[in-house]
Protein chains: 2
Amino acid sequence: MGNNQLFTPAQTGRASEDIALQIEAAILGEKILPGERLPSERELQAQFQTGRGVIREVVHALKQKGLVEIRKGGKGGAYVKKVDVVNAGESLSLFLKQNRVDIDQIVEFRESLDRTITTLAIARADRDKKQQLVTATEKLRDFLEQPEPDLEQLGELDRNLNIRLAQMTGNQIFEWVMRALQSGFSSKDYTLYEDREFREKTIENWCETARHIAANEPSKALLSTSAHYLLLQQLVARKKNGTT
Amino acid sequence: MGNNQLFTPAQTGRASEDIALQIEAAILGEKILPGERLPSERELQAQFQTGRGVIREVVHALKQKGLVEIRKGGKGGAYVKKVDVVNAGESLSLFLKQNRVDIDQIVEFRESLDRTITTLAIARADRDKKQQLVTATEKLRDFLEQPEPDLEQLGELDRNLNIRLAQMTGNQIFEWVMRALQSGFSSKDYTLYEDREFREKTIENWCETARHIAANEPSKALLSTSAHYLLLQQLVARKKNGTT
DNA sequence: TACTGTTTTTTGGTAGGTCCAAAAGTGGGA
DNA sequence: TCCCACTTTTGGACCTACCAAAAAACAGTA
């Protein structure tokens with residue numbers, strides 16, 4: 001970026017916020033493209049006519065927001081990241097954690113989300129994607145055949161299925177919300193998959209749903225989805241009664 | 001270099017992140033309750049045996065996450081905030097801004113969200129709340145009678161209506177997502193309300209929807225909602241053709 | 001030339017200090 | 001009692017120094 005005055009010195013007052021806004025605007029305004037790097041902390045310090053501490057705070061705030069990635073050493077610095085859908089931001093997760101949102105609410109929301117996603121996925125995704133979904137669910141079922149399946153890995157596969165389905169809507173927001181929600185969900189995971197019956201029925205249900213989606217049968221697919229959430233609600237209710 | 005460290009992630013981890021996690025855990029674990037304050041930066045510096053810069057970074061990261069609020073002066077410091085649903089986190093907003101998510105996608109998502117919310121609101125909210133919704137929509141219509149309505153204020157009222165409706169579901173997550181989405185939506189606002197016809201039809205539609213909700217008529221309410229989004233999609237399409 | 005190991009430079013990370021400004025408390029005088 | 005100046009607390013900014021990691025530059029050898 002050289003010596004052209006992309007940034008102006010901070011005004012007196014909340015210097016850090018001012019600088020943060022300038023840099024953030026530069027990133028969002030694509031003055032600095034993803035993959036490029038901001039000047040080093042010491043350069044920024046000179047450009048903004050400020051202390052390095054301020055710059056560090058700013059850069060770290062950007063890092064926290066997921067806008068940049070920091071590398072050290074020669075050619076290190078703050079590299080602008082493309083905020084992709086993977087970065088599901090922890091704000092929802094934090095909200096779920098601190099407010100002790102009831103798991104029923106999460107389930108309810110996920111059900112409504114899933115129904116829409118299923119419908120859209122059937123309407124929009126191409127044959128290949130749908131077939132891949134079926135294959136993935138069958139792989140999951142095979143995985144479950146093991147006498148001692150790794151529950152953590154199982155959860156991971158399940159999450160991936162959900163995300164894959166969300167991607168099939170062609171609408172990034174569904175994927176974003178799904179990811180955000182799952183990071184919050186796993187944080188209050190009641191280790192649902194420990195229940196063997198639930199686990200088997202759920203996977204079977206997944207396979208069924210995937211088949212309906214591949215067959216372009218929205219109403220049947222929605223029925224499977226509902227069945228899944230019915231199962232989930234029952235289990236959650238049991239767990240609750242068991243622990244309280 | 002001892003080879004015994006080959007498999008451990010090594011403690012190259014930054015002290016600041018470590019400290020941040022400790023404090024965050026203390027807050028989320030309710031060791032420190034909302035309203036209480038963390039020790040002062042200098043005290044923390046002493047407790048953690050570290051430099052003040054590190055502490056400042058940590059505290060500001062927490063502030064950025066919305067977990068604390070910083071006051072200065074005597075009795076100042078980092079006060080723990082209750083992360084309420086209002087704090088809709090900017091991660092979604094950032095995502096929408098940087099990825100140039102198409103406005104159609106936002107509209108599509110909002111429509112699906114609104115349909116669920118409407119259904120749930122009818123099922124769950126009590127008479128009073130529903131009546132208040134009707135009153136609020138009528139107030140909005142009256143506001144529109146002015147020859148020169150303040151568009152910004154109008155948008156604000158509209159947002160409040162949406163949030164009020166989301167609250168009526170009794171599920172905080174809907175409210176959270178609605179808020180997050182709106183902060184992102186307004187950032188790519190095509191100044192839709194500038195179109196006088198759209199504005200009037202929309203408000204009229206709002207009144208109608210509210211009445212259907214108050215009358216416990218889910219299917220009619222959903223019809224109004226659909227009509228609203230149809231209108232919105234048309235306008236967006238027109239704007240798009242006009243600008244590209 | 002090509003590879004290899006060392007040294008230098010760049011850059012973030014940490015430590016500790018000084019000073020400033022704002023906010024709350026403190027106390028004296030009208 | 002009330003108001004104003006003074007003091008204390010605390011975050012905000014700035015600075016200097018040094019450490020550690022990573023890349024680049026370099027030297028040495030085959």
Side-chain angles (χ1 to χ4, degrees), chain A residues 1-3 7-23 27 32 35-81, chain B residues 1-3 5-23 27 32 35-81:
Chain A
M1 72 175 32
N3 35 10
F7 299 121
T8 61
Q11 302 297 330
T12 58
R14 302 173 285 261
S16 54
E17 313 226 338
D18 191 33
I19 296 174
L21 283 179
Q22 279 192 56
I23 298 184
I27 294 174
I32 310 170
E36 292 180 355
R37 42 161 280 185
L38 268 61
S40 74
E41 290 183 354
R42 288 166 178 89
E43 276 177 68
L44 286 172
Q45 175 184 5
Q47 283 189 36
F48 284 112
Q49 295 277 309
T50 182
R52 201 175 145 214
V54 175
I55 298 296
R56 281 183 62 78
E57 270 179 24
V58 168
V59 171
H60 277 74
L62 294 174
K63 179 195 168 194
Q64 207 278 331
K65 286 186 189 176
L67 281 174
V68 301
E69 167 200 349
I70 296 175
R71 295 205 278 268
K72 62 177 173 181
K75 252 196 131 184
Y79 284 77
V80 175
K81 267 204 309 190
Chain B
M1 284 226 192
N3 289 344
Q5 296 252 330
L6 264 180
F7 293 95
T8 63
Q11 56 277 22
T12 83
R14 306 164 243 256
S16 54
E17 311 224 337
D18 196 35
I19 295 175
L21 283 180
Q22 283 190 53
I23 298 183
I27 294 175
I32 311 169
E36 294 180 353
R37 41 162 278 187
L38 270 61
S40 75
E41 291 182 353
R42 289 165 177 90
E43 278 176 67
L44 286 172
Q45 175 183 6
Q47 282 187 33
F48 284 106
Q49 289 283 311
T50 181
R52 202 177 144 211
V54 174
I55 298 296
R56 294 199 94 237
E57 272 181 22
V58 168
V59 171
H60 276 75
L62 294 175
K63 178 194 169 192
Q64 206 278 333
K65 286 187 189 176
L67 281 175
V68 301
E69 168 199 348
I70 296 176
R71 294 204 279 268
K72 62 177 171 180
K75 276 279 186 89
Y79 284 78
V80 175
K81 267 204 308 190

Distances for protein N or O near nucleotides 23-26 of chain C N or O, under 3.5 Å:
from, atom 1, to, atom 2, distance (Å)
C:dA23, N3, B:G74, N, 3.3

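Contact annotation: side chain of A:R56 to base of C:dG12, donor-acceptor pair absent below 3.5 Å.
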task: Give the intermediate values and the outcome of side chain to side chain contact (heavy atoms under 4.5 Å, CB included) for residues A:V68 and A:I23.
output: CA-CA 11 Å; A:V68 301; A:I23 298 184; over 6 Å; no
- request: Evaluate the side chain to side chain contact (heavy atoms under 4.5 Å, CB included) criterion for residues B:V80 and B:L67: first the C-alpha distance (whole Å), next the side-chain angles of each, then the deciding distance (0.1 Å), finally the verdict.
  value: CA-CA 6 Å; B:V80 175; B:L67 281 175; over 6 Å; no
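Residues passing the salt bridge (Lys or Arg N to Asp or Glu O under 4.0 Å) test with B:K65, sequence neighbours excluded: A:E90, B:E24. Applying the salt bridge (Lys or Arg N to Asp or Glu O under 4.0 Å) test to A:E69 and every residue at least two apart in sequence or in another chain returns A:R71.
At whole-Å resolution of the value, CZ in A:R42 and P in D:dA17 are 12 Å apart. In this structure, the CD atom of A:E69 is 14 Å from the C1' atom of D:dA22, given to the nearest Å. Between the CD atom of A:E41 and the C1' atom of C:dT9 there is a distance of 17 Å, given to the nearest Å. Nucleotide D:dG12 holds its P atom 16 Å from the CD1 atom of A:I55, rounded to whole Å. With rounding to whole Å, A:F48 atom CZ is found 12 Å from D:dC14 atom P. The separation between B:D18 atom CG and C:dT14 atom C1' is 14 Å, rounded to whole Å. Separating the CG atom of A:L62 from the P atom of C:dG12 is a distance of 13 Å, rounded to the nearest angstrom. One interatomic measurement links the two molecules: CG of B:L38 to C1' of D:dT9, which rounds to 16 Å at whole-angstrom precision.
Between B:L44 and B:P39, the shortest heavy-atom contact is CD1-O, 3.6 Å.
Using a 4.0 Å cut-off between charged side-chain N and carboxylate O, A:K63 and B:E17 make a salt bridge.
In this structure, the nucleotide among D:dA13, C:dT14, D:dT10 sitting nearest to the side chain of B:V54 is C:dT14.
Residue A:R52 is the one, among B:G53 and A:R52, whose nearest nucleotide of DNA chain C lies closer to the 5' end (criterion: closest heavy atom).
Without hydrogens or angle criteria, A:R52 side chain to A:R42 main chain gives no donor-acceptor distance under 3.5 Å.
Neither OP1 nor OP2 of C:dG12 sits under 4.0 Å from any side-chain N or O of A:H60.
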